[in-house]
Structures are given as C-alpha cells and as structure tokens.
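A quick write-up on the structure given underneath.
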Amino acid sequence: MKAFTALLSLVSAVQAHYTFPALVTGSGATSKWEYVRKTTNYQSNGPVTDVTSEQFRCYQLAPGNEGAKTMTVAAGSTVGFTADASVSHPGTLQFYMAKVPAGQTADSWDGSGAVWFKIFSQGPNIAPSGLTWPSQGAKQVTTKIPECIPAGDYLLRVEHIALHSAGSVGGAQTYISCAQLTVTGGGSKTPTNLVSFPGAYKATDPGLLINIYYPVPTSYTAPGPEVFTC
C-alpha cells in the first residue's frame, strides 16, 4: 500500500510539471524535439531550481544540438513553444534570444557568454484579492521576434518560472527550452542589456524569492534585464 501511494505521488508530481518540447511557428507546431534541443526533464518534467547551474541556460540533456534542426523564420513573426501537458503552475513567462557568433551556426553553438537579450516578459495581473497569471493553463506560449534585429542564426529560449513554492530561497521552479532559428529579413539594430545564463539571476532576486499568496503582493518585478524593444 505504501509503495502504491508513493507511486501515485510520483505520477501526480510528474503531471503537475511540464516541458516545452516543440517549436510553434505560423505553420503550427512541429514535432517534439525536432527544432528544440531535448531537455533533461523530457521524461521527468521536473524543473531547474539552481540558477547558478549550467542547466539554467537551455536545460539540455546532453551537449550539442541533440539532433535538433534549425527552423527558418522571418523577423517580426510569431514563434513559441508547446507546453506538455500545459503550464500547470502560477508564474512568470519570459523569452530570450541570443545571436550566434560569426563562424558558428545555431546547431553548433552552446549559447555561452553575455549574449542573451530578453524579448518578452509576462508577470501577474495584480488585484487586492490575489495574483492571477495569464500563462497558467496554457498549452502553447508565444512571442514575436523583434522586427529590427539583424538576420542570422539565433537561439530562442523560453522560461516559465513557477512561483507557487517561491517563499524560500531555491523554491522557484524554472522550466526551460531552447530552439534553433535562422531569422530572415530584419534590420540593423543591435540588442542591448545582454546577459549570460547562468549569471543573469540570483536566487534572492525579488522575482524569484516571493510569497505570491499572503500577504498579497502589490507589485512584482521579473528577474533579468529590461525587455529589448525596436
């Protein structure tokens, strides 16, 4: 009976967690891990909780592209990820991009260094009765590629920071994936506020160390830099 109860608890925990396994473009969702590097949690669905870990960059199961292909998309177009099974926790949704250095490609680069710029950040709706989170329950999460960035190869990183247990240090749960893109069109504006992963966040950042339930917060500051705009 104890073994059965433990198994039920494990299944429940896996179902409550999630992955971002497939790229979403104007043509719809691709196959799982076709353009997204396979993540360490592809079976467990578990989060990253250590913001200083190398896993905090792309949460990769293994180095390299892991067989992922590179999708060609236009600057200004909508892209995103499927959430499997859905974004089941309350928390912050953010997207970052990083331009692949000259001489490398999206399928060969590891995304290291101060190269990441934030393109989207979605926090809570705040009311006296409590916080509500627009991404909670979503089966897809999307953003727009800035229309002014230069053409070339990029990594696209999604993170959802689940905050239901974030009242103590290390309690925030981050779910991460990286996709490989070739961006066409675009402009000539160089993104600013570049950060590295790991390195961009501290476990004590107010957007990661917060009780979202009581007392009801009157403000929320997401971790990381300001969103880059054209």
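What's counted below: heavy atoms across the whole structure, side chains too, no hydrogens, waters or symmetry copies.
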Task: Worked verdict on S165 versus Q173 for side-chain hydrogen bond (donor to acceptor under 3.5 Å, both in side chains) - done: CA-CA 8 Å; S165 300; Q173 300 178 359; 4.7 Å; no
For residues [X] and [Y]: do they belong to one hydrophobic cluster (side chain heavy atoms under 4.5 Å, members Ile, Leu, Val, Met, Phe, Trp, Tyr)?
X    : Y    : value
V141 : I176 : no
L194 : I119 : yes
V158 : V115 : no

Between [atom1] on residue [X] and [atom2] on residue [Y], distance to nearest 0.5 Å:
X    : Y    : atom1 : atom2 : result
F20  : L156 : CZ    : CG    : 11.5 Å
F81  : L23  : CZ    : CG    : 6.0 Å
C230 : I145 : SG    : CD1   : 11.0 Å
N211 : L163 : CG    : CG    : 10.5 Å

Ring centre gap for [X] and [Y] strictly below 6.0 Å:
X    : Y    : value
Y154 : W109 : no
F197 : Y96  : yes
Y213 : H164 : no

TODO: Please state whether the rings of Y175 and H17 are parallel, tilted or perpendicular, taking 30° and 60° as the class boundaries.
DONE: tilted
Regarding [X] and [Y], is there a side-chain donor-to-acceptor distance under 3.5 Å anywhere?
X    : Y    : result
E159 : Y201 : yes
K38  : Q60  : no
H160 : Y18  : yes
Y35  : T25  : no
D153 : T182 : yes

Open item on the list: Please find the pair of heavy atoms, one from L208 and one from K202, that lie closest to each other, and give the distance.
Closed with: CD1-O, 3.3 Å
TODO: Measure across P146 and M97 and return the closest heavy-atom pair with its distance rounded to 0.1 Å.
DONE: CD-SD, 4.0 Å
In the structure I gave you, are the side-chain heavy atoms of [X] and [Y] within less than 4.5 Å of one another anywhere?
X   : Y    : value
Y42 : L61  : yes
F95 : L93  : yes
Q94 : K118 : yes

TODO: Please assess Q136 against H89 for the test side chain to side chain contact (heavy atoms under 4.5 Å, CB included), listing each intermediate value before the final yes or no.
DONE: CA-CA 6 Å; Q136 189 170 7; H89 293 310; 5.6 Å; no
- [ ] Answer yes or no: is there a donor N or O on one side and an acceptor on the other, between the side chain of E147 and the main chain of A75, under 3.5 Å?
- [x] no
- [ ] Test Q140 against T82 for side-chain hydrogen bond (donor to acceptor under 3.5 Å, both in side chains), laying out the working first.
- [x] CA-CA 4 Å; Q140 290 188 359; T82 60; over 6 Å; no
